[in-house]
Amino acid sequence: MRFPERFSQLPDYAFPRLRSLLDAHAPGGDVIHMTIGEPRHDPPPFVGAVLAEALDGFGRYPANDGTAALREAICGWVGRRYGVALDPQSQVMALNGTREGLFNAAVALCPEAGGRPPVVLTPNPFYQVYAVAALAMGAEPVYVPATRETGFLPDYAGLPTDLLDRTEIAYLCSPANPQGAVADEEYLRDLLALAERHDFRVFADECYSEVYDADPPPGALAVAAAAGADPERLLVFNSLSKRSNLPGLRSGFVAGGPRSMARIRQLRAYAGAPLPEPLQEVAARAWADEAHVDASRAIYRRKYAVAAEVFDGIDGCGPPEAGFFLWLPVEDGEAAALRLWQATGVRVLPGAYLSRDTATGNPGNGYIRVAMVATEREVQRGLLAVRDCLYG
Ligand SMILES: Cc1ncc(COP(=O)(O)O)c(C=O)c1O
């Protein structure tokens, strides 16, 4: 029996690795989970009522591309948030969460290899599905450091020309998981221009766009529209998981140029796993409502303030620009996560579980990722324990 070789370079996923690292050891105190990016604020109050009203939809196969109501609600949100008018028929599709979308859009849009394998660019560290999508397509994933020196965003423009010429897809995560960096308008404009010059697509993962402190992060759709960029260059992914505290709903969307979207739609008609209709109704309602998002953001703002206070004066440890992770510098991320667990019971993720070795080293080695998803009090307890244990 043969198995595919193309996934053989994948390490185990971050969370089983963490269990192997920590679970043989007793926690040093009451356990506080600060590992997974699963929001624990309340979901919107209307979820139960909308779902109850829509139950008969479980008796039907759901619309593959999303119901008209959901696509219109998404376009309404994009219009209010970014001032961009999208056509709900041809420029937006419902996803079963963005993770599958980030994967399946690559399946639909990554061209076949010519002489040499196509290149897929991913920031390093990164959300792990980007690499799996590249490997599934027989592409060469190129892990581009997103470090303190590069403003925690990948410097794609600094890559060699021949590599950029082989590039088909560049993933960008802004606000970035795990570093919390935000690509400004200039960065996004330059990236779209680079994509135009070297003929590749940008897959902009904007899942954390609504978790911020002062100013809303710019969106790639708005920058592309203002710059008059070819709409086929850009696919934008967003989700209700973080915005609306609904990771279990599995609802997101992809928006992009009509020709690219038609390819994605065609593939999904064969092999997609559409979101059940009642869940699409909940999703439509959630995109149309900002009150619950404002309420959740207010809680994150307080957590940012807690992080600022706890880590005051400690270099590189302030709150993020956006998103709900702290990306904290330590000497060795695995050793720090183990020490913290054994001394305090706080569980955090070693940075290297989110990054890859490259010729210039592994940019996650000297970091831990700390998710500020628990209650404010628990986050405060956790952060104080992190500070006292690792920076005391
Ligand atoms: C950067 C990033 N992109 C995408 C996702 C996937 O989100 P979902 O599939 O829940 O929409 C996550 C989830 O943690 C994430 O951190």
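Read the numbers this way: they start at 1 and go in the same order the structure lists the ligands and their atoms. The chain is numbered in sequence order, starting from 1.
Of all the atoms in ligand 1, the ones that sit under 4.0 Å from a non-hydrogen atom of Cys173 are 1 (C). Remark: ligand 1 atoms within the under-4.0 Å shell around heavy atoms of Ser239 are 8 (P), 11 (O). Against a heavy-atom cut-off of under 4.0 Å, Gly97 is close to the following atoms of ligand 1: 9 (O), 11 (O). Set against the non-hydrogen atoms of Cys207, the atoms of ligand 1 under 4.0 Å away are 3 (N), 4 (C), 5 (C).
None of Tyr208, Phe253, Phe203 except one satisfies the ring pair (Phe, Tyr, Trp, His ring centres under 6.0 Å) rule with Phe237; the exception is Phe203.
For Asp213 and Arg301, the salt-bridge test passes: some basic side-chain N is under 4.0 Å from an acidic carboxylate O. Comment: Glu140 engages Arg166 in a salt bridge, judged by a side-chain N to carboxylate O separation of less than 4.0 angstrom.
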Exercise for the section: Determine, stepwise, if the pair Thr98 / Asn238 fulfils side chain to side chain donor-acceptor pair (under 3.5 Å). Expected result: CA-CA 6 Å; Thr98 44; Asn238 212 324; over 6 Å; no
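Counted by atom type alone, Asn124 and Ser355 present zero donor-acceptor pairs between their side chains at under 3.5 Å. Side-chain atoms of Asp87 and Gln91 form no donor-acceptor pair, as typed in the model, at a separation below 3.5 Å. With 3.5 Å as the limit, one finds no donor-acceptor pair spanning the side chains of Gln128 and Tyr353.
Other residues, nucleotides and ligands contribute at most 12 non-hydrogen atoms within 6.0 Å of the CZ atom of Arg263. Residue-environment remark: CZ (Arg377) stays at or below the threshold of 12 foreign heavy atoms within 6.0 Å.
Residue contact check for ligand 1: Gly252 places no non-hydrogen atom closer than 4.0 Å to it. Distances shorter than 4.0 angstrom do not occur between any heavy atom of Pro247 and any atom of ligand 1. Remark: distances from the non-hydrogen atoms of Tyr208 to ligand 1 include one below 4.0 Å. In this structure, Arg250 counts as a contact residue of ligand 1, since one of its heavy atoms falls inside 4.0 Å of the ligand. By the 4.0 Å heavy-atom criterion, Glu100 is excluded from the residues contacting ligand 1.
In this structure, of Arg243, Lys242, Arg99, the residue bringing a heavy atom nearest to atom 14 (O) of ligand 1 is Lys242.
Nearest protein heavy-atom neighbour of atom 10 (O) of ligand 1: Ser241 OG, 2.6 Å.
Contacts between Thr98 and ligand 1, counted as non-hydrogen atom pairs separated by less than 4.0 Å, involve both the backbone and the side chain.
On a distance-only criterion, Asp205 and ligand 1 share at least one N/O pair closer than 3.5 Å.
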